[in-house]
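Step one of this worksheet: look at the structure below.
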Amino acid sequence: MFVWYADLDERLPRLLECLEELCATMEENGRSVPLWVFQGIPPARVAASDYSGRLPQDWPTRVLEKTRRFTLEMAVACIPLGDLAEAVQKEGCWSPPEEFAWQWATVAAQLGSKLGEIYALVLAARLQPKAYGTFLRDAFYFWRGQLRNKADFWMEGRDRIGQCSTLALEIGLQAVARLEDAALAREVLRFTRERKIEVPLSLFPLQCALDRVLGKAKIPEEDRCSRLVVLQSMQSPGKDEERRSLERFRPLLRPLPLVTWPQSLSWANLLRQEFPWMEAAIGALERQQVLAQRLGADGLRLRPLLLLGPAGTGKTRFLRRLGETMGAPTLFVPLAGANDNMLLKGTARGWNSARPGFLVEMMMERQCPNPMVILDEIDKVGLGRQNGRVWETLLTFLEPASSSRVLDEFLLGEVDYSAISWVATANSLEDLPGPLRSRWEIIRVGLPQAEDFDRILENVRRDVAREYGVDTVALPNLDATVRDRLQRAFARNPRSMRDLRGVVYRLLEMQAMAERPSGRNGDWLQ
């Protein structure tokens, strides 16, 4: 047998005494005792007394069957959701109640109950989450083989093949969680599919452990450094609706490929052509890549970078283009006035709006553990305390020591945000909390110069074309006279790119009107 030997002469009488005390306490406290418990105690006590010192096979068949069934029913009644589980815990008979259940299961197993033996194994695994790894692995293989003969699992007057299959699955999952054995994990997964087992909610964390082990096993050793497990764990859902939501995120328990640094510095040359006034930022990012590649760090990860400068200098557009040229999925997060950090931490289960943090959603959708996150106007973040302050949560995300183990309040598991590239924009540092300010490398951005006009105009035209879903060659060509006047005006007073964008939009609209077949060329441009 795959259970611990139980001395029936000592254990069964002791358990019956504890059960009688429990029943008496329940009645004193106004709690009802199940009728089958009252009816089962006297025959079990007689059996324990009359057949003390005799082997179970020497007991009369009827007595043995009745005692075996009663002890098994007691084991089931004392586990969570059983008839006596709550009473056992509240009345202080045993803590945890699984310990009381395990004692009954070992007695049932000693009396010859196969189901009792499986329950004893499962309960032992639950009571000792880090022990019995190889023992449970061997037990899983043994019971998987036994389950092939369905006739052997007509137990205690009922067909128990489905129940035993689920319990054998739990034994296998418990072994996988302890040993992290990829071969065993594949066998457990095959067993689940062959038996078409409907996995109960209680096994959800063990399923997550199985996913994690299977995911790691598929990665060649040389590729492990270029992958990352985003979600370290997930706690069991309480409802079926929650389970359906959580199932979506199980792929995050397996290693996902990291976006790697570009092979060359060609991205820097592209950005210099488009944003010549951003040289300080481009140079800083360029140096980061050179150092990372010199040290063998393949995964793209920028140190937190904050672009500080007047409104309309192209900070946000530059960061968007940075993500595009580096090939990193980019998420834009406007922070002006943001007061609720549930967007970052996730909303706890039980609320109608319950969901994980938006970054978890993005990493799941893009299957990428190291996206680039643009925090726009971080200096205008709300300082209110509703559901926690956003900037205080950001501190956790930006700090290397804490960013790899951040609790998500919906998943109830730790998320690894350490590979994310955080970039931000601000117009001023005056309202930015000091602790948050210290987490960034701050680069000041000035106004574009007169010689940057052609680049800026081309950038604006490209934005307009992208907005309409066409190529830039499809846009109306500005009249040469109008373009010259616009350039001279910009040279005298370099203005906000946002203002220039508005002017260019109006000029393109006017040019389009002038080019209509029914229009009079030039009237709109005077």
>> Just so I know, are the side chains of L179 and R137 near enough to count as touching, which here means a heavy-atom distance under 4.5 Å?
In response: yes

>> So which atom in P56 and which in L8 form the shortest heavy-atom distance, rounded to 0.1 Å?
In response: CG-CD1, 3.7 Å

> Are the side chains of L19 and I41 in touch, meaning some heavy atoms are under 4.5 Å apart?
Replying inline: yes

> Quick one: does L306's side chain get under 4.5 Å of E441's, heavy atoms only?
Replying inline: no

>> Does C18 form a side-chain contact (heavy atoms from CB on, under 4.5 Å) with F100? I'd like the steps, not just the answer.
In response: CA-CA 9 Å; C18 290; F100 198 38; 4.1 Å; yes

> Stepwise, does the salt bridge (charged side-chain N to carboxylate O under 4.0 Å, His left out) test hold for E187 with R190?
Replying inline: CA-CA 5 Å; E187 290 299 322; R190 184 179 297 115; 2.6 Å; yes

> Does a side-chain heavy-atom distance below 4.5 Å link L72 with V107?
Replying inline: no

>> What verdict does the salt bridge (charged side-chain N to carboxylate O under 4.0 Å, His left out) test give for E98 and R126, after you've listed the backbone C-alpha separation in whole Å, the side-chain angles of each residue and the deciding distance to 0.1 Å?
In response: CA-CA 8 Å; E98 285 92 341; R126 293 180 187 176; 5.3 Å; no

> So which pairs with a foot in residues 320-329 pass salt bridge (Lys or Arg N to Asp or Glu O under 4.0 Å), sequence neighbours left out?
Replying inline: E274-R321, R321-E324

>> On a heavy-atom basis, which atom in T71 and which in L111 lie closest, and how many Å separate them?
In response: OG1-CD1, 4.0 Å

> Taking side chain as C-beta onward, heavy atoms only, is S421 less than 4.5 Å from V373?
Replying inline: no

> Would a distance-only check, ignoring hydrogens and angles, find a side-chain to backbone donor-acceptor pair under 3.5 Å from T330 to A328?
Replying inline: yes

>> A side-chain contact here means heavy atoms from C-beta on lying under 4.5 Å apart; do I378 and W440 qualify?
In response: yes

> Do Q163 and Y119 meet the criterion of a side-chain donor-acceptor pair at a distance under 3.5 Å?
Replying inline: yes

> Can you tell me how far the CZ atom of R366 sits from the CD atom of E361, to the nearest 0.5 Å?
Replying inline: 12.0 Å

>> Rounded to the nearest 0.5 Å, what separates atom OG1 in T25 from atom CD in E21?
In response: 7.0 Å

>> Under the side chain to side chain contact (heavy atoms under 4.5 Å, CB included) test against V259, which residue among C368, P369, P371 passes?
In response: C368

>> Taking ring pair (Phe, Tyr, Trp, His ring centres under 6.0 Å) as the cut-off, I'd like each qualifying pair that reaches into residues 9-46, sequence neighbours left out, listed once.
In response: none

>> Is it the case that over 12 heavy atoms from other parts of the model lie below 6.0 angstrom from the CD atom of E198?
In response: no

>> salt bridge (charged side-chain N to carboxylate O under 4.0 Å, His left out), that's the test. Do R14 and E10 meet it? Break it down for me.
In response: CA-CA 6 Å; R14 181 167 59 85; E10 181 275 330; 2.9 Å; yes

>> So for atom CD, which belongs to Q263, do other residues, nucleotides or ligands contribute more than 12 heavy atoms lying within a distance under 6.0 Å?
In response: no

> Any salt bridge between E65 and R69, counting N to O under 4.0 Å?
Replying inline: no

>> Can you see whether Q289 engages W267 through a side-chain donor-acceptor pair at a distance of less than 3.5 angstrom?
In response: yes

> Do you see a donor-acceptor pair shorter than 3.5 Å between the side chains of T316 and D376?
Replying inline: yes

> Any idea which heavy atoms bring L203 and T166 closest together, and the distance?
Replying inline: CD1-O, 4.5 Å

>> Evaluate E117 against K114 for salt bridge (charged side-chain N to carboxylate O under 4.0 Å, His left out), listing each step before the verdict.
In response: CA-CA 5 Å; E117 184 173 342; K114 290 185 178 179; over 6 Å; no

>> Can you give me the closest heavy-atom contact between L228 and A419, atom names plus distance?
In response: CD2-CB, 3.8 Å

